[in-house]
Participant: 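Pasting a structure here, questions to come.
Everything numeric in this text was worked out from a predicted model, so none of it was measured.
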Amino acid sequence: QVQLVESGGGLVQPGGSLRLSCTSSEPIEDYAIGWFRQAPGKEREGVSCISVPPDYEYYSDSVNSVRARFTVSRDNAKNTVYLQMNSLEPEDTAVYYCGAVKRRLCSVYIAEIYKSWGQGTQVTVSS
């Protein structure tokens with residue numbers, strides 16, 4: 001199983017930005033990657049995902065304006081997938097996880113397809 005490490009979380013004020021990274025222990029060009037999050041007392045929810053090249057991007061319809069605020073991308077040379085998050089809101093506070101599966105298409109709604117997960121990175125949006 002590929003090993004994943006998330007980073008880039010932290011404390012940010014409302015309206016601020018963060019870029020999360022999901023770095024793999026091995027080449028990821030054959031892996032679909034998903035970003036999910038879990039807030040205290042809530043179920044895990046999908047945020048975004050990216051397929052294998054040509055890198056189709058998907059965003060959840062359940063997260064407020066996520067398509068306008070977040071951007072997922074990958075840098076295969078660095079074995080890393082990013083989640084750029086702008087205009088952060090207090091409701092975005094959660095632990096963010098990335099998952100990987102060796103298949104062409106990702107899913108932003110079905111976490112069970114992902115075979116490897118990172119340990120998560122905390123994002124806190126607060127003034």
Side-chain angles (χ1 to χ4, degrees):
Q1 299 282 7
V2 64
Q3 304 293 316
L4 302 173
V5 177
E6 300 97 335
S7 61
L11 173 64
V12 64
Q13 293 187 343
S17 298
L18 286 172
R19 187 178 77 161
L20 305 184
S21 299
C22 172
T23 301
S24 169
S25 59
E26 60 185 76
I28 58 167
E29 57 263 26
D30 294 332
Y31 287 83
I33 306 293
W35 282 101
F36 288 73
R37 69 186 187 184
Q38 187 164 20
K42 295 187 177 181
E43 293 187 355
R44 180 174 52 184
E45 65 175 349
V47 177
S48 180
C49 71
I50 187 164
S51 70
V52 301
D55 295 349
Y56 294 118
E57 302 169 26
Y58 300 90
Y59 299 91
S60 171
D61 291 330
S62 302
V63 178
N64 182 42
S65 302
V66 67
R67 188 179 297 271
R69 301 187 297 125
F70 294 3
T71 302
V72 64
S73 62
R74 67 162 75 217
D75 184 341
N76 289 331
K78 296 182 178 180
N79 296 342
T80 299
V81 171
Y82 302 101
L83 184 68
Q84 177 68 44
M85 304 188 298
N86 300 326
S87 302
L88 283 162
E89 305 169 348
E91 293 73 21
D92 295 316
T93 295
V95 178
Y96 284 69
Y97 301 89
C98 63
V101 60
K102 200 167 186 178
R103 57 179 257 173
R104 186 169 62 92
L105 293 178
C106 65
S107 173
V108 73
Y109 297 111
I110 305 174
E112 289 73 17
I113 70 166
Y114 298 96
K115 305 304 181 185
S116 300
W117 291 92
Q119 83 291 347
T121 185
Q122 176 71 48
V123 171
T124 303
V125 185
S126 175
S127 56

Participant: If every non-hydrogen atom of Y114 is compared with every non-hydrogen atom of G34, which pair is closest and at what distance?
Facilitator: CE2-N, 3.4 Å
Participant: E6 side chain to Q119 main-chain N or O, any donor-acceptor pair under 3.5 Å?
Facilitator: yes
Participant: Verify the distance criterion only: is there a donor paired with an acceptor across the side chains of E89 and N64 at less than 3.5 Å?
Facilitator: yes
Participant: What verdict does the side-chain hydrogen bond (donor to acceptor under 3.5 Å, both in side chains) test give for T23 and N79, after you've listed the backbone C-alpha separation in whole Å, the side-chain angles of each residue and the deciding distance to 0.1 Å?
Facilitator: CA-CA 6 Å; T23 301; N79 296 342; over 6 Å; no
Participant: So, taking the atom named OG in S116 and the one named CD1 in I33, what distance separates them when rounded to the nearest 0.5 Å?
Facilitator: 8.5 Å
Participant: Is the backbone N or O of A111 less than 3.5 Å from a side-chain atom of R44, with the two atoms forming a donor-acceptor pair by type?
Facilitator: no
Participant: Is there a chain of hydrophobic side chains (I, L, V, M, F, W, Y, each step under 4.5 Å between heavy atoms) that links V72 to V47?
Facilitator: yes
Participant: Checking side-chain contact (heavy atoms from CB on, under 4.5 Å) between L18 and each of V123, T124, D92, L11, which is the one that passes?
Facilitator: V123
Participant: Quick check: is L20 connected to V95 through a chain of hydrophobic side chains (ILVMFWY, heavy atoms under 4.5 Å apart)?
Facilitator: no
Participant: To the nearest 0.5 Å, what is the distance between OH on Y59 and CG on L83?
Facilitator: 7.5 Å
Participant: Roughly how far, to the nearest 0.5 Å, is CZ of R37 from CD of E43?
Facilitator: 14.0 Å
Participant: Is there a path from Y97 to V63 through hydrophobic residues (I, L, V, M, F, W, Y) whose side chains come within less than 4.5 Å of each other?
Facilitator: no
Participant: Verify, without hydrogens or angle tests, whether T93 (side chain) and V125 (backbone) share a donor-acceptor contact under 3.5 angstrom.
Facilitator: yes
Participant: Which atom names give the shortest non-hydrogen contact between V12 and S17, and what distance separates them?
Facilitator: CG2-N, 3.8 Å
Participant: Establish whether I113 and W117 are linked, either directly or via other cluster members, by ILVMFWY side-chain heavy-atom contacts under 4.5 Å.
Facilitator: yes
Participant: Give the other cluster members for Y56, using side-chain heavy-atom distances under 4.5 Å between Ile, Leu, Val, Met, Phe, Trp and Tyr residues; answer none if it is isolated.
Facilitator: Y58, L105
Participant: Could you walk me through whether K115 and K102 satisfy the side chain to side chain contact (heavy atoms under 4.5 Å, CB included) test, starting with their C-alpha distance in whole Å, then the side-chain angles of each, then the deciding distance to 0.1 Å, before giving a yes or no?
Facilitator: CA-CA 8 Å; K115 305 304 181 185; K102 200 167 186 178; over 6 Å; no
Participant: If you round to the nearest 0.5 Å, how far is CD1 of I50 from SG of C22?
Facilitator: 11.0 Å
Participant: With rounding to the nearest 0.5 angstrom, report the CZ to OG distance, F36 to S48.
Facilitator: 9.5 Å
Participant: With rounding to the nearest 0.5 angstrom, report the CE to OH distance, M85 to Y96.
Facilitator: 5.0 Å
Participant: Do the side chains of Y82 and L88 join up, straight or via other hydrophobic residues, at under 4.5 Å, putting them in one cluster?
Facilitator: no
Participant: To check you understand the geometry: which heavy-atom pair defines the closest contact between S62 and Y109, and what is its length?
Facilitator: OG-CE2, 4.3 Å
Participant: I want to know whether W35 and F70 have ring centres closer than 6.0 Å.
Facilitator: no
Participant: Taking all heavy atoms of A32 and all of V52, pick out the closest pair and write down the distance.
Facilitator: N-CG1, 4.0 Å
Participant: How close do P14 and S126 get, heavy atom to heavy atom, and via which atoms?
Facilitator: CD-C, 3.6 Å
Participant: If you look at every heavy atom in A39 and A94, which pair is closest and at what distance?
Facilitator: N-CB, 3.8 Å
